[in-house]
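The next block holds one structure in the form of structure tokens; read it before the comments.
All figures in this text were calculated on a predicted structure; none of them were measured in a lab. Numbers restart at 1 for each chain; the letters A, B, ... are given by sequence-line order, proteins then strands.
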Amino acid sequence: MTTTSSKVFIVDDDDAVRNSLRMLFKTVDIDAATFESGDAFLHEHDADWQGCIVLDIRMPGTSGLEVQKILVERGNTLPIIFITGHGDVPMAVEAMQLGAFDFVQKPFRDQELVDRVSQAMTQNLEAQETVSHKREVLDCYQELTPREREVMHCVVKGQANKVIAMDLDVSQRTVEIHRARVMEKMKARSLADLVRKAMLLDDDDK
Amino acid sequence: MIIIDNLGIIEQINKATVGMFGYEPAELIGLNISTLMPRREQARHDNYLDRYQRTGERRIIGAGREVRAQRKDGSHFPAQIAVGEVSAAGQTRYIGLIRDLTDQRDLEEQALQRREEMVNVSRLSIMGEMAAAMAHELNQPLTAIANYAAASMRLLDKGPEHTGDVKEALQEIYDQAHRAGEVIRRTRNFTKSAEAARGETTLAEVARPIRSLAELDTKANNIRLAWEIPTDLPPIDVDSIQIQQVILNLIRNAVDAMRDTDPEHRNIIVRAKMTAPHQIRLEVCDHGHGVNAGKSSDIFNAFFTTKKTGMGMGLAICKTIVRAHGGELGFRSNDQKLGDCGSTFFFTIPTWVNT
């Protein structure tokens, strides 16, 4: 489920909790990196990291919630699973509102945490794939000439070549040539594939 | 209203006043005013009247005064009297206005009772907080134990080559179990102090459990907490829970006061020392926003607060508790000339005297 570069990043100030989590993840073959404070984590944090974060909500120094807020500002995409203690539910609710993946209450069932971490890592992987796929499509799209883009938008709206030719005031033969170029440059295997790719583009990209 | 002559004989009395004392109007005319007073006040009154006529020295006349009054059935009630003097046709008379203070007293007593109830509620709440703090502290080793145990079971399933790792995990479980035991030992000391409502102890002993509780707050807010309570101070006779409530309250206020303080300067010092031969003083010193000069007389009042979420009961309860122990609660602003912002709140406690 996880790629070699995918890891669980454990942030907890308690040595015993941190080390026991590392050992637990090792037994289920999930790579772990540990950090003894929010600041240590933020210092090393890299936008290219993949996997998920297991974050203690209550820590001296930068608290778990503050780490989450800073990560949100940095445009972090790693899902965050909070570890909460007794009476931390209001904080956990705030964390969920800020987009946390989930929270588990101490002491938790190992399987519960392992399952949630696996799900978070899968979600992160899929999100990364979507992002990289979208980036590819966008790269292709940027290769199109303005005329080709016009033709593409008409095609994905389902207009026939004849109609497009009339709208753009060009010959039907010219439309056919543009259309073939669009399919080639967008690496579209079929009209359906082109429509799918066009849907990935945001309005800003067009 | 009641009119008496210079010997204290009642000449006139109105209906309301007669009703207050439970007599019929005719019964009182011609009697000495002292009929309406408990015995203790009677002698005093004769003295006053006599002295005033000889020396002109005023005790009650011209001024209001609170006295005990006696009804026909012998029961007493608190009353306020105001006395004026009238001289006509060579004779001096005194006019008295009497107000029954029973209702007002009831209100005051109720307020006092409320305050005591609040102290009791806060006593319960500190027990609850202690339990919460203990739960938090126990959760750490328990979580680690659960993780190590889960890892061990998984490792054993994988095969004998992981025996070394399992052994390591078991050692950790052993250590963490002892860590949990240590938390419970500390808490046991606390609950012991809760059972004995009041008794001989030391301030260091009373304050000790508060330290770990306070550290939960200070750590979470990036505050350094210095604890300077000497263990060799003389013993005190206090309700430990109540005094703990006061100390924790002062620390919580200090934490709240430093929300906007630069993290580098977030310090709280809790220290205690002798300030008089039979007096110990505990201070909580912060580097927070301080007390607004115009508000300094209000802060100990009930329902006064500058916090967004707060009942304004904290310092009022603290004051009640400290007073009940024969001490005083106060504060001063730190010396700004020394670059020292913030406030120092303190309370005094008399040392225990063996009788």
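Comparing A/I83, A/D110, A/D12, A/V114 by how many heavy-atom pairs each has under 4.5 Å with chain B, the most go to A/D110.
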Could you pull out every donor-acceptor pair under 3.5 Å between side chains of residues 181-188 of chain A and any protein atom, sequence neighbours left out?
residue: A/K185; atom: NZ; partner: A/E143; partner atom: O; Å: 3.1
residue: A/K185; atom: NZ; partner: A/E148; partner atom: OE1; Å: 2.9

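Taken to the nearest 0.5 Å, the CG atom of B/N222 stands 6.5 Å off from the OG1 atom of A/T62. Atoms CZ and CG, on A/F108 and B/L142 in that order, are 11.5 Å from each other to the nearest 0.5 Å. The NE2 atom of B/H162 sits 9.5 Å away from the OG1 atom of A/T27 when rounded to the nearest 0.5 Å. With rounding to the nearest 0.5 angstrom, the CG atom of A/L21 is 9.0 Å from the OH atom of B/Y148.
For a residue to count as touching a neighbouring chain, one of its non-hydrogen atoms must lie under 4.5 Å from one of that chain's; by this rule B/D157 does not touch chain A. For A/M59, the part lying near chain B is the backbone, with the side chain staying farther off; criterion is any non-hydrogen pair under 4.5 Å. Contacts between A/N19 and chain B at a heavy-atom distance below 4.5 Å involve backbone atoms as well as side-chain atoms. The parts of B/A169 that come within reach of chain A are both its backbone and its side chain, each placing non-hydrogen atoms under 4.5 angstrom from that chain. At a 4.5 Å heavy-atom cutoff, the contact between A/Q111 and chain B is made by backbone and side-chain atoms alike.
The number of heavy-atom neighbours closer than 6.0 Å to CG of A/D139, taken from other residues, nucleotides and ligands shown, is above 12. Counting non-hydrogen atoms of other residues, nucleotides and ligands closer than 6.0 Å to CD of B/E283 gives a total above 12. Within a 6.0 Å radius of NZ in B/K167, no more than 12 heavy atoms belonging to other residues, nucleotides or ligands are found. Heavy atoms of other residues, nucleotides or ligands lying less than 6.0 angstrom from CZ of B/R224 number more than 12. Heavy atoms of other residues, nucleotides or ligands lying less than 6.0 angstrom from CZ of A/R109 number 12 at most.
Remark: of the listed residues B/I145, B/N147, B/L138, B/N139, B/N139 is the sole one forming a side chain to side chain contact (heavy atoms under 4.5 Å, CB included) with A/P107.
In plain terms, the two heavy atoms of A/S20 and B/A144 that are nearest each other are OG-CA, 3.5 Å.
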* Step-by-step salt bridge (charged side-chain N to carboxylate O under 4.0 Å, His left out) determination, A/D29 to B/R154 -> CA-CA 11 Å; A/D29 300 319; B/R154 288 171 194 271; over 6 Å; no

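A/K106 places no side-chain N or O within 3.5 Å of a backbone atom of B/Q140 that could act as its donor or acceptor partner.
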